[in-house]
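Just below is one structure, and these are the notes that go with it.
Lettering follows sequence order; numbering is per chain, from 1.
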Amino acid sequence: MSRRYDASEIEPRWQRIWEEEGRYAASDDPDDPRPRFYALDMFPYPSGDLHMGHAEAFSGGDTVARYKTMTGHNVLHPIGWDAFGLPAENAAIKRGVPPRAWTEENIEHQAASFRRMGMSFDWSRRLETCDPEYYRWTQWLFLRFFERGLAYRKSSPVNWCPNDHTVLANEQVIQGACERCGARVERRDLTQWFFKITDYAQRLLDDMDTLIDWPERVLTMQRNWIGRSEGARVSFTIEETGEQIEVFTTRPDTLWGVTFFVFSVEHPAVRDLAARGGTLAALEPLVQEARAASMTSHEEADTKDGVFLGVHAINPVNGERIPCYAAPYVLMGYGTGAIMAVPAHDERDLAFARQHDLPVRVVIQPAVGELLDGPTMTEAYSGEGVMVNSGPFDGESAPASIAKVAAWLESEGRGRATVNYRLRDWLLSRQRYWGAPIPIIHCPTCGEVAVPDEDLPVRLPDDADFELGGESPLARHPTWKHVACPDCGGEAERDTDTMDTFVDSSWYFFRYCSPGYEDGPFRAQDVARWMPVGQYTGGVEHAILHLLYSRFFTKVLHDMELVPFTEPFPKLMNQGQVIYGGASMSKSKGNVVEPMPLVARWGADTIRLTMLFAGPFEDDIDWKLVGGEDEHRRPGPHAWLGRAFSVVADAVEHDEAIEPPQLVKLVHRTVKGVTEDLERFRFNTAISKMQVLTNEMRATLDGGGGAMAAARALAQLLAPFAPYAAEELWRVELGEPDSVHASTWPTYDPALVRADTVTLVVQVDGKVRATLEVPADIDEAGALETARGAEGALRALDRRTVLKEIVRAPRLVNFVTK
RNA sequence: GCCGGGAUGGCGGAACUGGCAGACGCGCGGGACUCAAAAUCCCGUGAGCUUCGGCUCGUGCGGGUUCGACCCCCGCUCCCGGCACCA
């Protein structure tokens, strides 16, 4: 009756044929009339083979790309590799394999797996960031940033990973530990390269309003990371030295409540002040402790710790003399590294005040009748209220008065309104080998000199020594760094650091538009045609790092007039994680499931469908629950594909049988539903609708009816999800000459989608008492009439008085009796 | 602590604008086919009660709005994720 569904035979056959046919190449023909669509997946990092996360993300991305192709778009669906980075270098150290060899091997492995998965990539645009023809342009972009003052070198305290022997960006430090290896991050003072992303803080924030198709959580994370706060800078004078020290505060309305002053222990003025006040010995341990901690996290410190510096500050608003402290709870990395302490209205200041017996003065009273008392209060009050003890501002309501106070400070020359951001400049130097060398030459006479564009790329030497310790591999290389200065010709040295790999990944999506272009990173007209990206798909782990950096790069390129837009990815879709047994997969837990063995066992289509059917794309998938406890048990989607083959084969066998109108209508409804679901990336419900169609086809065929139109629609609707099975159904079972993936997405007739009859629900007091099939175009009177006659309603209404009738023809009638 | 997202059968999930809660699938139970098993197909499957007609309860908890609430409002609990002394 029906042939057996055998993915292991079907899939490799079509994979080969598709490659011979050269499908999936995007057209750069400017006369191609089709609208363009750029379907982009976050490019993978080549460590080992594909994992379940890749399988999930790329299954979704490929479904979108294939759907867009079938709906008449000229689709750009490229693939490449984020190929620089530490794991390659660590593998080299551990196993003696050169980083390039290790990387290439993994890439070939992953590329083969992607092909096996049936991904519709345009392989002709494939790129790798470790290719000199790619990093040449990474370096070129660095030099453009350098020219514009957006790449600069400075000495600053930085995060140092003692395990990976390199510095890290703030974004790569998670709770005081290295994002990559988990080692405790140390603080070091080093001279390093930075990108001036802080210049773009406000634009990065403002333009988020246009990213309406981004997940809310990603926008929130970026907003928090940029961390804009409005407030004021106020200058305090140190009584003993006459120095002016600035603080940043979001609450200038509490200035009259300042009772002490606190420096970060790392504040540049602290040592001298402590020396002056005779408290250097007490300060020293706190300084040492801070040094040991990372840049971003001081979690070891207690808010109550701190030492008196022996000096005093003068409050500019009332001339009061207040003691100065140094304390670890004040961060050097935020604001000015010094704060005015208002213990009555700030929790941390209050804790410190109580510990050190400092006065607490209330300057905001909440409301009449609930007066706060400084000496006895146990909780700081940061809410709204009326200003008291605040000189000219007594009686004003706070914090509404902030703008007024800031204006007053400015007119008095004691401060000014300002905006502060948490965002720091992007530290991009890495003291490692496997990255794009920073194209700068340090000349004893000319200083920092850009490598001339024509000398790019600055190539990595093949014969570096990767052993850890001492200097970085490039610094240690016997000849590599020695060059003549491009300006004066004198002896000079190359910068021996490489760039953070996030620099490579901040522009790869532009390169896909102009693969192999030799006169720049991309051709402006190619980018203008293809971009911004139509749909970007990838993991939420890039919510801050990659996505913020790429937005920054795009804005800089826009300012350079190289691209006509300011946001690269207007639409973003985050797939959920694939976990196992409620926990993320990890070797140490022994719960890692690999996708490729499952593909070998059940076929790529089944694995793709299992992932997309398991739930909403953005939700996590627990493979233990959806993949089945027993790996030998046939997955549900595999059984469904088997049924699909059997119904299509039956339909063909009985193609002379009449296709009943209910089935034809269901086909149209299914086309409509699947189309709408795809537009909203609701893959799970799209698949369920196809399953309903399959079930109905089975029933129809069993009843002697035909199902040819349904079979054709099913093959086409299935194509974006299960490309191999759909192709087999289309070309082999249905005998179509050309690929299903080149066919035009089916359309539906709205007249056929509309139902002739609908279910009328009859309620009594909101409870369902009967359901009746009624004509879809029934009017209110007819609906009411019909409902009155319903048996269930009559019974329920027995001896009750109907007070009101709610009629919503044709769906519902509700009799209200009380 | 702050911010964001959640909580629906044994399980994954569905319910689009406030109108039949549980689509579809998994699992489980029963049956057909088979010497048998696997595969496949058919039927059943929220809970309790039932005179087998139905009835009652049911979407984390407590209130509210409404003819009607998984959906809207107020107050909680718990879970997941992010940030975390941000002045």
Nearest whole angstrom, please: distance from the P of B:C3 to the CG of A:Asn224. 10 Å
How many angstroms lie between CG in A:Leu350 and CG in A:Leu358, if you round to the nearest 0.5 Å? 10.5 Å
B:G53, syn or anti by chi within 90 degrees of zero: syn
Residues 331-351 of chain A vs ring pair (Phe, Tyr, Trp, His ring centres under 6.0 Å), sequence neighbours excluded, gives none
Rounded distance in Å between the P positions of B:G27 and B:A38: 13 Å
Need the glycosidic conformation of B:G29: syn if within 90° of 0, anti if not. Which one? anti
A:Arg634 side chain near B:C26 phosphate (N/O to OP1/OP2, under 4.0 Å): no
Sequence neighbours excluded, every pair satisfying salt bridge (charged side-chain N to carboxylate O under 4.0 Å, His left out) that has a member inside residues 678-689 of chain A: A:Asp677-A:Arg680, A:Asp677-A:Lys689
Stems formed with participation of RNA chain B [Watson-Crick or G-U wobble, under 3.5 Å, three or more pairs]: B:1-7 with B:77-83, B:10-12 with B:24-26, B:27-32 with B:40-45, B:46-49 with B:54-57, B:60-64 with B:72-76
Taking the side chain of A:Thr771 as its heavy atoms from C-beta onward, which of B:C20, B:A87, B:A23 lies nearest to it? B:C20
Which whole number of Å gives the distance between the P atom of B:C57 and that of B:G62? 15 Å
Please give, in whole Å, the distance from B:A84 C1' to A:Arg424 CZ? 16 Å
Give A:Thr759 one of three labels, base, sugar-phosphate or nothing, depending on what nucleic acid heavy atoms sit under 4.0 Å from its own. base
Any side-chain N or O of A:Arg422 below 4.0 angstrom from OP1/OP2 of B:C85? no
Nearest 0.5 angstrom please: A:Glu56 CD to A:Trp623 CH2, how far? 9.0 Å
Where A:Ser235 and A:Glu246 come nearest, the two heavy atoms and their spacing: OG-CG, 3.5 Å
Residue pair A:Met340 / A:Thr249: nearest heavy atoms and the distance that separates them: CE-OG1, 3.6 Å
Integer-rounded Å distance: B:C43 C1' and A:Arg698 CZ: 17 Å
On a whole-Å scale, what distance lies between the P atoms belonging to B:G29 and B:G22? 25 Å
Can you tabulate the close N/O pairs, meaning under 3.5 Å, that link protein atoms to atoms of nucleotides 15-17 of chain B?
from, atom 1, to, atom 2, distance (Å)
B:A15, OP1, A:Arg682, NH2, 2.8
B:A15, OP2, A:Arg682, NH2, 3.1

No-H, no-angle donor-acceptor pair, A:Asn814 side chain to B:C67 base, under 3.5 Å: yes
I need the CD1-C1' distance between A:Ile621 and B:G25, as an integer number of Å. 14 Å
Euclidean distance, atom OH of residue A:Tyr5 to atom P of B:U40 [Å, nearest integer]: 13 Å
Taking only the P atom of each, what is the distance from B:A14 to B:G9 in whole angstrom? 14 Å
If you assign each of A:Arg643 and A:Ala338 to its closest nucleotide in RNA chain B, which residue comes earlier from the 5' end? A:Arg643
Please name the pair of heavy atoms, one in A:Ala707 and one in A:Leu663, separated by the smallest distance, quoted to 0.1 Å. CB-CD2, 3.7 Å
Can you name the nearest heavy-atom pair linking A:Ile402 to A:Pro252, along with the distance? CG2-CG, 3.7 Å
Determine, using ring centers only, whether A:Phe681 and A:Phe617 are less than 6.0 Å apart. no
Could you state the atom-to-atom distance from CE of A:Met221 to C1' of B:A84 in whole Å? 14 Å
Any chance the side chains of A:Thr250 and A:Glu230 put a donor and an acceptor closer than 3.5 Å? no
I'd like the P distance from B:A69 over to B:U59, given in whole Å. 11 Å
Using a 4.0 Å heavy-atom cut-off to protein, can you give one letter per nucleotide of nucleotides 4-13 of chain B, 5' to 3': B if the base is in contact, S if only the sugar-phosphate is, - if neither? S------SBS
Rounded to whole Å, please give me the gap between CG in A:Asp677 and C1' in B:A14. 11 Å
What nucleotide among B:A21, B:A87, B:A23 has an atom nearest to a side-chain atom of A:Ile339? B:A87
Please state the C1' separation for the pair B:A21 and B:C70 - nearest whole angstrom. 8 Å
Pick the C1' atom in B:U66 and in B:A47, then give their distance to the nearest Å. 28 Å
Inter-residue atom distance A:Phe263.CZ - A:Ile339.CD1, 0.5 Å rounding: 11.0 Å
Heavy-atom donor-acceptor pair, A:Glu347 side-chain to B:G1 base, under 3.5 Å: no
To the nearest angstrom, the CZ-P distance between A:Arg769 and B:G19 comes to 20 Å
Looking for any heavy atom pair under 4.0 Å, which part of the strands does A:Arg223 touch: base, sugar-phosphate only, or nothing? nothing
Give me the one residue out of A:Gln202, A:Met208, A:Met221 that meets side chain to side chain contact (heavy atoms under 4.5 Å, CB included) with A:Ile226. A:Met208
Toward the 5' end of RNA chain B, which comes first, A:Thr249 or A:Gly766, by nearest nucleotide? A:Gly766
Could you tell me which residues satisfy side chain to side chain donor-acceptor pair (under 3.5 Å) with A:Asp213, sequence neighbours excluded, listed by chain and number? none
Pairwise P distance for B:A84 and B:C3, with rounding to whole Å: 16 Å
Base, sugar-phosphate, or nothing for A:Asn420, non-hydrogen atoms under 4.0 angstrom? nothing
Determine the interplanar angle of the A:His638 and A:Tyr5 rings, folded into 0 to 90°, and report it as parallel if under 30°, tilted if 30 to 60°, perpendicular if over 60°. tilted
